[in-house]
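Note sheet for the following structure.
Every heavy atom of this structure was used, including side-chain atoms; hydrogens, water molecules and symmetry mates were not. This structure is a prediction, so every number in the text was calculated from the model and none was measured. By convention in this document, chain letters (A, B, ...) are assigned in the order of the sequence lines, proteins followed by strands, and residues within each chain are numbered from 1.
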Amino acid sequence: MKNVGHSIRKIDGMAVATGKPVYTEDLAMPNALVIKILRSPHAYAKITSIDVSRAESIEGVECVLTYRDVPNQRFTLAGQSYPEPSPYDRLILDQVLRYVGDEVAIIAAVDEKTAHRAMKKIKVEYEVLNPVLDFEEAIGHPSVVHPEEDLSVNFDIGLRKEMNITSSSHEEVGDVEEEFKHCAVIVEDVYYPQAQAHTMMETYRSFTYLDHAGRLVVLSSTQVPFHIRRQLARALQIPASKIRVIKPRIGGGFGGKQTGAGDIFAAIVTIKTGKPALIIYDRKETFSATTSRHAMRLRVKLGADLEGIIRAIDMEVLSDTGAYGEHAPTVLSCVGHYTLPLYNKTRAVRFDGKAVYTNKMPAGAFRGYGATQGTFALESTVNKLAEQLNMDPTEIRLKNISKVGETFLTGQGVALGSTTLDRCIAKGKELISWEEKFPRQEIGNNKVRAVGMAITMQGSGIANIGTASVEIRLNDDGNFTLLTGATDMGTGCDTILTQIAADALEVPMEMIIINAGDTDTSPYDPGSYASSTTYLAGSAVIKAAEELRGKILEQGALLLGVSVEDVEFDGLAVRTLRGDKDISFAKLAELTVLGNGKLQLVGYATHGSEVSPPPYVAGFAEVEVDQETGKVDLIDYVAVIDCGTVINPALARIQAEGGIAQGIGMALYEQVRYDEIGKMATNSFMQYKIPTRKDVGKVRIAFEESFEPTGPFGAKSIGEVVANTPPPAIAHAIYNAVGVRENQLPITPEKVFLGMLK
Amino acid sequence: MQIELTVNDKVVQWEVGNHEFLADTLRSHGYLSVKKACDTSCCGLCTVWIDGKSMLSCSILSLRAHGKKVTTIEGLPKEAEEFAQILSAEGAEQCGFCSPGFIMSVLAMKNELVNPTEEEIIHYLTGNLCRCTGYMGQLRAIKTYLGVA
Ligand code: FES
Ligand code: FES
């Protein structure tokens with residue numbers, strides 16, 4: 001293959017790197033109204049009176065909107081395929097405010113200064129209510145976060161709003177209690193992975209205007225243009241056909257932009273005023289008034305026989321979804337879906353989980369989507385089990401992991417199509433020098449070095465739900481246009497899909513124009529999330545390309561006056577097998593599209609998958625711990641990855657290195673924290689530390705390719721799975737270094753230090 | 001207030017507010033390569049050169065740029081292109097939002113440090129955050145660019 005498997009530069013790489021104006025703010029009209037949001041100072045309160053008259057009278061203020069000015073239709077900001085599993089539990093503006101940062105009023109003015117002045121003139125009186133702040137006390141708390149009658153769900157998600165339960169999930173195969181009785185060894189522990197902030201460098205932003213036909217156009221820094229369109233239509237009570245959502249280049253998402261943020265506020269201002277409007281969330285709003293990763297409590301119990309074969313897994317999860325239930329049910333169920341299938345020698349498994357409402361910033365989608373939290377808990381417990389059995393942690397994995405062709409208890413009989421996880425583990429051991437380094441070495445000066453490990457999986461797309469549609473057309477000049485709704489967020493899918501199309505059509509990439517992420521022109525695609533794009537959209541590209549190839553051959557044969565069996569592709573032409581005649585694509589296009597042909601050739605495909613094949617990572621950490629201070633330095637991190645066929649090695653490597661760095665942040669540095677009244681204490685990079693280039697040590701990536709039979713050219717996914725191993729692997733290394741088992745993330749020097757005193 | 005400064009070798013007179021920061025002034029005059037990602041001088045995305053030294057344009061009052069020579073990435077097309085080619089060969093401009101500021105720092109570093117070690121490189125660039133790449137690819141690109149091991 002000419003393109004697939006090669007490190008091809010991203011088609012937009014030079015433009016973004018050299019600062020060309022290609023992001024939302026760069027493209028906004030200079031005369032756009034500036035929107036600012038007045039936000040709640042209380043974690044739980046009801047507006048008893050609100051007076052905006054003085055604000056509205058300031059010159060340059062275009063409008064000030066309150067809960068009285070918005071449609072009375074609850075919706076969800078979660079960007080999910082319809083029918084969304086997330087509850088319809090929010091209004092554009094509500095009289096009830098459910099967290100510090102919840103929206104009280106929308107101000108639109110000619111410039112930022114005027115908008116800020118107007119904000120100060122809004123008079124609000126609140127009835128302050130008793131907030132639910134501790135998620136472990138949410139169930140049955142005297143305060144109910146969502147008492148409203150009109151909250152609704154599309155189907156039963158186990159919501160019990162009077163108990164503050166957003167959703168419930170239960171899965172059980174076999175009898176775990178019975179199985180535990182037969183197990184020689186049982187280990188159990190409780191884990192607290194924290195809320196983590198996405199901190200994409202481009203904060204949330206959206207620019208809206210009305211076009212020549214009076215339709216609402218939304219330029220949004222989003223991962224999910226089609227979902228944003230549907231969500232705006234519902235919230236604003238206007239037909240989706242009146243809305244166009246365009247995604248320009250976007251400055252990172254990591255799942256954060258799978259949830260709507262400012263779009264709805266910009267949109268309502270443009271609808272009310274008829275004027276262009278721009279909303280840019282500042283960093284503080286991005287930290288404190290969007291979404292984070294779900295903080296959770298996970299209790300894991302494992303039973304194994306003396307050989308180390310895991311026979312029973314029991315997992316109980318409590319997930320803090322905050323004030324609104326965006327992604328609450330699905331993140332919760334993914335905790336089990338993306339961990340339990342790792343080990344399939346089990347005879348019984350049970351998963352029980354609840355997501356609960358609290359009066360804090362909502363949680364949402366974040367790279368890893370539950371798998372990250374589940375992996376931390378399960379893998380830490382497996383490491384504990386290995387220790388108890390006196391087995392090498394890598395050995396216990398090799399004994400228990402699923403192999404090709406095998407099924408797992410909760411998998412409804414679906415057989416595993418591809419895995420090289422065993423090779424990933426072996427390779428990782430070699431790269432980190434496991435045999436020499438496990439578990440620890442004193443290196444003098446009161447310092448110890450130690451290694452730790454973990455494995456993980458994710459999915460590739462959502463089985464039976466995710467679909468991708470792709471259209472490829474032969475243009476009048478012999479070039480091709482590839483139309484897709486897939487949403488490049490820097491990850492490079494515009495390039496990757498073009499690579500795939502070029503190889504499927506056997507033409508150079510330069511002949512393909514990709515047009516993506518515009519709900520007016522793109523065929524439907526849910527967007528970039530759930531590790532879907534390469535796997536689903538990539539397959540749709542291949543199907544569409546094959547259809548188009550067939551049509552080109554057919555027309556070529558017709559024009560050459562031979563039968564279709566007698567022609568083949570040859571460079572940029574259709575040629576007879578005998579080689580005596582050919583017709584170039586350019587000529588063929590001319591004769592079909594223009595003049596008498598009256599037939600533009602188009603290949604079209606919609607692809608969905610009945611399976612969601614798991615990519616795998618084996619992660620290995622080496623840390624150095626100072627026994628005097630508890631300070632942990634990450635020395636080396638090795639991740640060996642099975643993502644099926646690697647379509648673009650350079651881009652896959654960067655995805656992996658970036659995901660590992662976010663995992664390192666989660667393991668050691670990052671935490672969304674609140675003060676005692678529920679106000680976020682970590683709303684800037686001063687208080688919320690993300691890893692700098694000094695903090696990541698050395699990260700090394702290797703690939704152990706498998707071939708996934710259902711994937712495009714054998715590919716699976718990579719975007720999310722890479723985020724999951726650092727918390728358990730680093731926690732394991734720290735334990736091996738100083739004997740401190742820290743189950744509450746992040747593992748700060750204070751915790752290690754205090755742990756060593758015990 | 002009016003200020004006079006040189007931006008990318010062009011002398012300009014701009015009307016600026018007393019509390020306006022240079023990053024905003026530059027953007028409002030069309031230098032859209034200048035990005036901002038924080039309000040606390042932490043991220044480095046807004047890095048430009050002032051009199052040849054890399055500075056955070058979000059934290060410098062525009063008034064203070066009076067009489068100075070300001071350079072944005074638009075003013076260094078050749079150098080920026082050369083390094084961006086290497087960076088994008090690594091795929092290390094993921095979303096690219098941090099890249100212009102990062103490149104301005106790298107180019108300044110090249111002028112300032114002779115044969116820097118890996119440690120010195122990392123130290124020099126610590127103020128440039130990136131949430132996408134995990135920094136390894138950026139480091140590979142810098143080493144290729146500087147021709148160091
Ligand atoms: S914008 Fe973050 S340092 Fe200037
Ligand atoms: S490439 Fe996205 S922040 Fe650096």
Side-chain angles (χ1 to χ4, degrees), chain A residues 7 9-10 12-23 25-26 30 113 198-203 249-254 282-284 489-492 648-662 664-665 684-687 690-696 698-701, chain B residues 17 19 24 27-28 30-45 72-74 76-77 80-81 83-85 87-104 118-119 121-123 125-140:
Chain A
S7 291
R9 208 185 284 281
K10 282 196 307 207
D12 52 351
M14 289 304 287
V16 297
T18 58
K20 298 292 180 290
V22 290
Y23 299 88
E25 186 188 4
D26 306 334
K113 228 166 102 191
H198 307 84
T199 68
M200 66 296 280
M201 285 296 127
E202 184 201 31
T203 57
R249 295 298 99 190
I250 81 172
F254 316 119
D282 61 22
R283 182 56 65 187
K284 192 170 151 198
M489 50 171 151
T491 42
N648 184 320
L651 300 188
R653 180 174 305 273
I654 291 291
Q655 281 256 46
E657 289 168 347
I660 298 291
Q662 288 182 347
I664 292 169
S684 84
F685 284 124
M686 305 281 240
Q687 297 97 3
I690 65 168
T692 68
R693 64 191 77 230
K694 271 192 179 148
D695 302 313
V696 289
K698 184 164 72 179
V699 177
R700 294 186 289 156
I701 305 295
Chain B
H19 302 292
D24 302 318
R27 278 197 70 87
S28 71
Y31 296 92
L32 298 178
S33 70
V34 181
K35 307 284 192 282
K36 286 197 303 177
C38 73
D39 336 288
T40 48
S41 311
C42 292
C43 73
L45 266 78
T72 70
I73 201 169
E74 286 98 340
L76 299 168
E81 155 104 19
F83 180 65
Q85 286 284 357
L87 189 71
S88 72
E90 288 290 346
E93 78 315 359
Q94 196 184 87
C95 76
F97 206 68
C98 72
S99 300
F102 169 68
I103 292 180
M104 290 307 284
E118 184 169 315
E119 255 189 354
I121 294 171
I122 290 173
H123 184 76
L125 296 170
T126 301
N128 287 89
L129 295 180
C130 173
R131 187 57 154 172
C132 297
T133 66
Y135 306 111
M136 296 293 137
Q138 292 184 343
L139 184 62
R140 286 193 294 274

Donor-acceptor check, side chain of A/Lys694 to backbone of B/Ile122, threshold 3.5 angstrom: yes or no?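 No; judged by distance alone, with no hydrogens or angles, the pair does not exist.
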Tell me if a side-chain donor or acceptor on B/Tyr135 pairs with a main-chain N or O of A/Pro691 at a distance below 3.5 Å.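 It does hold such a pair.
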Where does [X] contact chain A at under 4.5 Å (heavy atoms): side chain, backbone, both or neither?
X	value
B/Cys42	side chain
B/Ile73	side chain
B/Gln138	side chain
B/Leu45	side chain
B/Phe102	side chain

Which heavy atom in [X] sits nearest to a heavy atom in [Y], and how many Å separate them?
X	Y	value
A/Tyr23	B/Phe97	OH-N, 3.3 Å
A/Gly252	B/Cys95	N-CB, 3.4 Å
B/Cys38	A/Phe685	CB-CD1, 3.7 Å
B/Asn128	A/Arg693	O-NH2, 2.9 Å

In terms of heavy-atom proximity below 4.5 Å to chain B, should [X] be classed as side chain, backbone, both, or neither?
X	answer
A/Ile250	backbone
A/Arg249	neither
A/Arg653	side chain

Would you call A/Glu657 and B/Arg140 a salt bridge, using N to O less than 4.0 angstrom?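 Between B/Arg140 and A/Glu657 there is a salt bridge, with a charged N closer than 4.0 Å to a carboxylate O.
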Contact between A/Arg283 and B/Lys36 at the side-chain level, heavy atoms closer than 4.5 Å - yes or no?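 No, their side chains stay 4.5 Å or more apart.
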Show your working on side chain to side chain contact (heavy atoms under 4.5 Å, CB included) between B/Lys35 and A/Met201 and close with a plain yes or no. CA-CA 9 Å; B/Lys35 307 284 192 282; A/Met201 285 296 127; over 6 Å; no
Pairs of heavy atoms under 4.5 Å with chain B: top-ranked of A/Glu25, A/Lys284, A/Gln655: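 Going by pairs under 4.5 Å, I would pick A/Glu25.
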